Amino acid sequence: MRILGLETSCDETGIAVYDRDRGLLGHALYSQVGLHAEYGGVVPELASRDHVRKVLPLVRQVLDEAGVTTADLDGIAYTAGPGLIGALLVGASVARALGWSLAIPVLGVHHMEGHLLAPMLEPDPPAFPFVALLVSGGHTLLVQVEGLGQYRLLGETVDDAVGEAFDKTAKLLGLPYPGGPELARLAKTGDPARFRFPRPMTDRPGLAFSFSGLKTFAVTTLRRHQDDPTIRADIAHAFQEAVVETLAIKCRRALRQTGARRLIVAGGVGANARLRQRLAEVTVEEDAQVHFPRPEFCTDNGAMIALVGSLRLQAGERPDPELVATPRWRLDELKPPGPVRNV
Ligand code: KG4
Ligand code: ZN
């Protein structure tokens with residue numbers, strides 16, 4: 001079974017071809033970062049228009065690189081949500097039109113399920129069950145995963161997502177969009193002993209997160225030391241340490257609470273080197289294993305969407321009879337694959 005995957009939920013056009021037996025045959029990503037940089041964030045209308053321009057040329061390029069033609073495809077998977085409605089509609093429309101013309105099944109996929117299963121694209125794929133930490137620009141979730149579509153929410157953020165907190169703090173430090181990786185770079189030059197930011201919500205039981213207070217902490221610290229030339233790097237360091245330690249404490253708790261022996265880390269912030277290092281240490285201490293996708297599959301990509309499409313269609317999921325674009329869609333609303341529609 002060979003599946004074409006289309007990801008257009010936000011500011012990246014990701015295309016891939018995944019083969020059940022041979023794995024990933026080809027993938028390409030076009031990032032709109034340059035387009036949105038001057039606005040300091042994603043402009044939804046510009047994002048939709050740019051997906052329209054890029055999606056078909058990228059499909060052709062990936063099929064060529066994979067050495068397959070449209071006639072070799074057995075199905076198409078696209079991101080049906082959550083995401084920006086205009087951007088989602090581009091991928092959904094292209095997928096439906098292409099699927100109709102080729103008379104092959106088309107399946108709308110949950111973007112976060114894509115992130116969740118992305119570690120399965122790697123050579124040493126994790127087996128179910130596991131605990132997943134999903135950390136992206138829009139989500140911060142701890143999920144107990146028993147199998148495909150069996151997701152129990154253990155904890156989520158009560159305010160900002162962790163990627164959002166990285167981006168907002170980076171912006172106030174004067175760093176260009178998208179701020180997460182820029183802040184991580186700056187943090188390397190910061191003085192580790194200078195500040196200690198709080199670890200929000202770690203002093204009480206539970207697995208909920210809150211990150212908006214850290215951003216405020218960064219603002220007030222910056223105001224107090226306006227003229228200090230190293231202040232930005234020191235704040236970046238303290239901010240990143242606080243985020244990473246908070247996530248590490250909650251992951252340790254989630255492993256103990258569920259008795260799971262495997263931790264999956266995915267989503268854009270999963271590309272953060274300090275987070276990867278710290279979670280590797282924690283899982284060793286907990287006698288558990290940790291799995292990350294390679295950094296390019298932590299951030300948005302088409303490979304994870306093609307993979308979910310392949311797993312679900314293969315497990316007997318009935319393809320969607322119509323176009324699906326769902327801007328708000330909770331991960332724990334998903335069901336295991338079956339003849340019943342997924343949304
Ligand atoms: O998963 P993703 O590509 O898109 C969403 O679905 O949101 O995640 C993007 C988020 C952004 O907030 C970005 O700043 C953050 O992931 N990010 C990072 C790093 N790389 C990406 N945050 C911290 N450190 C990084 N190295
Ligand atoms: Zn994402």
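Quantities reported herein were computed from a predicted structural model and do not represent experimental measurements. When a ligand or atom number is given, it counts from 1 through the structure's own listing order.
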Heavy atoms only: which of Ala266, Gly137, Gly268, Ala165 is nearest to atom 18 (C) of ligand 1? Gly268
Ligand 1 contact on Asp300 by region, counting heavy-atom pairs under 4.0 Å: both
Is the shortest distance from a heavy atom of Pro181 to ligand 1 less than 4.0 Å? yes
Under-4.0 Å salt bridge between Arg152 and Glu146: no
Closest approach of Ser136 to Met112 (non-hydrogen atoms, all atoms of both residues): OG-CE, 4.0 Å
Identify, by atom number and element, the atoms of ligand 1 in contact range of Gly163, meaning under 4.0 Å from any of its heavy atoms. 12 (O)
Taking heavy atoms and a distance under 4.0 Å, where does His139 meet ligand 1: side chain, backbone, both or neither? neither
Do Asp50 and Lys54 sit within salt-bridge range, that is, some charged N less than 4.0 Å from a carboxylate O? yes
Please indicate whether any nitrogen or oxygen in Gly180 is less than 3.5 Å from any nitrogen or oxygen in ligand 1. yes
How far is atom 13 (C) of ligand 1 from its nearest protein heavy atom, and which residue and atom is that? Asp167 OD1, 3.8 Å
If you compare all heavy atoms of Pro82 against all heavy atoms of His139, which two are closest, and at what distance to 0.1 Å? CG-CE1, 3.9 Å
For Glu241, is there an ion pair with Arg196 - N to carboxylate O distance below 4.0 angstrom? no
Could an N or O of ligand 1 be found under 3.5 Å from any N or O of Ala184, whether backbone or side chain? no
Taking the six-membered ring for Trp, are the ring centroids of Phe195 and His225 within less than 6.0 Å of each other? yes
Below 2.8 Å, any N, O or S contact between Cys10 and the Zn ion (ligand 2)? no
Would you check if the distance from the ring center of Phe239 to the ring center of Phe166 is below 6.0 Å? yes
Ion pair check, Glu322 and Arg96, cut-off under 4.0 Å: no
Is any NZ, NE, NH1 or NH2 atom of the basic residue among Asp159 and Lys215 found under 4.0 Å from an Asp or Glu carboxylate oxygen of the other? no
Which pair of heavy atoms, one from Asp228 and one from Arg194, lies closest together, and at what distance? OD2-NH2, 2.7 Å
Tell me which protein heavy atom sits closest to atom 24 (N) of ligand 1, plus the residue, atom name and distance to 0.1 Å. Asn272 ND2, 3.0 Å
Pull out every atom of ligand 1 sitting under 4.0 Å from any heavy atom of His111, numbered as shown with elements. 6 (O)
Phe297 vs His27, test: ring-ring contact (aromatic ring centres under 6.0 Å, His included). Steps then yes/no. CA-CA 11 Å; Phe297 292 159; His27 68 101; 4.9 Å; yes
Of the listed options (Thr299, Val162, Leu134, Val269), which comes nearest to atom 15 (C) of ligand 1 when hydrogens are ignored and any heavy atom counts? Val269
Below 4.0 Å from any atom of ligand 1, is there a heavy atom belonging to His115? yes
The N/O/S atom of His115 lying closest to the Zn ion (ligand 2) is NE2
His111 N/O/S atom closer than 2.8 Å to the Zn ion (ligand 2): yes
min-distance N/O/S atom, Asp300 vs the Zn ion (ligand 2), resolves to OD1
Under 4.0 Å from a heavy atom of Gly138: which atoms of ligand 1 are those, numbered in the order shown and with their elements? 7 (O)
4.0 Å heavy-atom contact, Pro178 with ligand 1: no
